[in-house]
Amino acid sequence: YCKKICWSWNAFLRLHEDYLRRTRNSNYNGLWAWGGNIHTQTSKILPTEEWLTKYKYGTVDENGEPNHWFSKTGDQICWTAGDEMCMEAAKDIVEQIQKEPFSEYFMVGQADVTAFCTCPRCEEAKKTWALNDAGLQINFINSVAGYVNEWIEENCPERNIRLVIFAYYGTEEPPVKMGDDGKWVPYNEKVKLTEDNVDIYFAPIYTDYSVSLTAVENEKIYSNLLKW
C-alpha cells in the first residue's frame, strides 16, 4: 500500500549514526533530515487565530453549507474541509521548505490527541469512500502534496522533499479491504496515495515493547502494519 514506512519504536537514539540513517533521521551529509515540527496540522500548519475563528466548527458559507476547517473541539483539523484549506496548508509547508534548505522530510502530523472530527461531512465520507480516519487523512494529504509538488517542480526540482503523515491513534489502521487475490488493497480510489513523495510514519503508541511485535499482545498492531 505504501512504498515507504518509517517505523517508530519510541527510541530516538540521536547519537547513534547508523540508527539515525536507518530511521531516516539524518541525511547523507550527516545533517538532521527533518524539517519543521511533528504534530503540525493544528500546531503549525493551520494554527493562526484567524483560521481558528473564521473556520471554527459550526461556521457556514454564504449558501448555508458547512464551512469549518476544525473539529468540534478544535483539537484536529477537519480532513473533509476542502480545497481552500489544503491550499493554505500547502503554503505553510512551502514556507518550511524554504526555511530549511537541507531537510528532506517534512511532517504533516495530526494533533497528538485521540479525538477526531466527527462532523456529518466526515462521517458520510467514511461511510461512502474513506472507511476510517486514515482514509480521510490520505485524501487530505494527496491534495496538499499536489500543491506542494507543483511549487517544488517550479522552484527547487533538485531537492528530495518528502511529506510524512502519521499512522497513529485513530489513523493507525489503514483504509483497506481484501482484494480478490487475497491481498489488501485501498478501500477506494480516493484513499490511494497519489504522490510518490508521501510517506506513512507508523507509530503504534499502544505497542507492548516487552514482547515481540508478533506476540499475541501485539496482534492487532502487527496486523495493521502488514495491511499498510
Side-chain angles (χ1 to χ4, degrees), residues 1-14 16-47 77 79 85-112 133-169 171-172 174-176 186 190-205 224-228:
Y1 187 85
C2 179
K3 294 180 179 178
K4 184 186 296 183
I5 291 179
C6 301
W7 174 254
S8 171
W9 279 106
N10 293 335
F12 220 57
L13 305 181
R14 290 178 177 239
H16 195 299
E17 185 175 344
D18 291 340
Y19 179 87
L20 289 175
R21 278 303 307 152
R22 187 167 69 249
T23 54
R24 301 181 177 86
N25 285 312
S26 67
N27 58 31
Y28 288 104
N29 295 318
L31 300 173
W32 187 244
W34 288 80
N37 297 303
I38 303 302
H39 298 283
T40 57
Q41 288 183 17
T42 53
S43 66
K44 179 66 175 73
I45 293 175
L46 296 167
I77 63 173
W79 287 317
M85 183 189 73
C86 292
M87 286 191 288
E88 289 299 330
K91 287 179 183 178
D92 188 88
I93 295 168
V94 165
E95 288 181 7
Q96 294 179 43
I97 293 171
Q98 291 174 302
K99 291 177 182 177
E100 305 193 46
F102 300 106
S103 296
E104 299 176 27
Y105 298 94
F106 290 84
M107 175 62 78
V108 190
Q110 67 201 49
D112 195 9
D133 287 305
L136 297 179
Q137 183 177 218
I138 287 174
N139 187 258
F140 160 77
I141 195 62
N142 282 341
S143 180
V144 172
Y147 290 121
V148 172
N149 288 340
E150 287 179 6
W151 181 88
I152 292 173
E153 184 176 352
E154 182 177 342
N155 294 276
C156 55
E158 74 285 354
R159 287 187 64 179
N160 178 33
I161 302 295
R162 306 202 65 81
L163 305 182
V164 186
I165 58 171
F166 276 123
Y168 175 64
Y169 276 142
T171 60
E172 181 186 317
V176 296
K190 288 187 176 182
V191 299
K192 282 185 176 180
L193 287 173
T194 57
E195 303 295 326
D196 290 337
N197 65 330
V198 172
D199 297 329
I200 307 295
Y201 198 122
F202 187 72
I205 194 169
N224 286 336
L225 176 60
L226 295 179
K227 291 176 183 178
W228 279 110

Provide the closest heavy-atom pair for [X] versus [Y] in the form atom of the first, atom of the second, distance.
X: R159; Y: S103; answer: NH2-O, 2.9 Å
X: V198; Y: R162; answer: N-NH2, 4.0 Å
X: A134; Y: P174; answer: CB-CA, 4.4 Å
X: Q137; Y: V108; answer: OE1-O, 4.2 Å

With Y105, the side chain to side chain contact (heavy atoms under 4.5 Å, CB included) member among L163, D199, I161
D199

Give a yes-or-no answer on whether the side chains of Q98 and W151 include a donor-acceptor pair shorter than 3.5 Å.
no

To the nearest 0.5 Å, tell me how far [X] [atom1] sits from [Y] [atom2].
X: N155; Y: I97; atom1: CG; atom2: CD1; value: 10.0 Å
X: F106; Y: I93; atom1: CZ; atom2: CD1; value: 9.5 Å
X: I165; Y: W79; atom1: CD1; atom2: CH2; value: 8.0 Å
X: I141; Y: L136; atom1: CD1; atom2: CG; value: 13.5 Å
X: N142; Y: Y147; atom1: CG; atom2: OH; value: 12.0 Å

Using 30° and 60° as the class boundaries, would you call the ring planes of F166 and Y201 parallel, tilted or perpendicular?
perpendicular

Under a 3.5 Å distance rule, please check whether S143 uses its side chain to pair with a backbone N or O of F140 as donor and acceptor.
no

Filter on salt bridge (charged side-chain N to carboxylate O under 4.0 Å, His left out), then keep only pairs touching residues 133-149, sequence neighbours left out; what's left?
K126-D133

Test of understanding: with side chain to side chain donor-acceptor pair (under 3.5 Å), list the residues that count as partners of Y169, not counting sequence neighbours.
none

Residues passing the side chain to side chain donor-acceptor pair (under 3.5 Å) test with N160, sequence neighbours excluded, are none

With sequence neighbours excluded, what pairs up with N149 under the side-chain contact (heavy atoms from CB on, under 4.5 Å) test?
A145, I152, E195, N197

Sequence neighbours left out, what passes salt bridge (Lys or Arg N to Asp or Glu O under 4.0 Å) with E172? Give chain and number order.
none

Is the shortest heavy-atom distance from the side chain of P175 to the side chain of I138 under 4.5 Å?
yes

Measuring only between side-chain heavy atoms, which start at C-beta, is Q110 closer than 4.5 Å to Q41?
yes

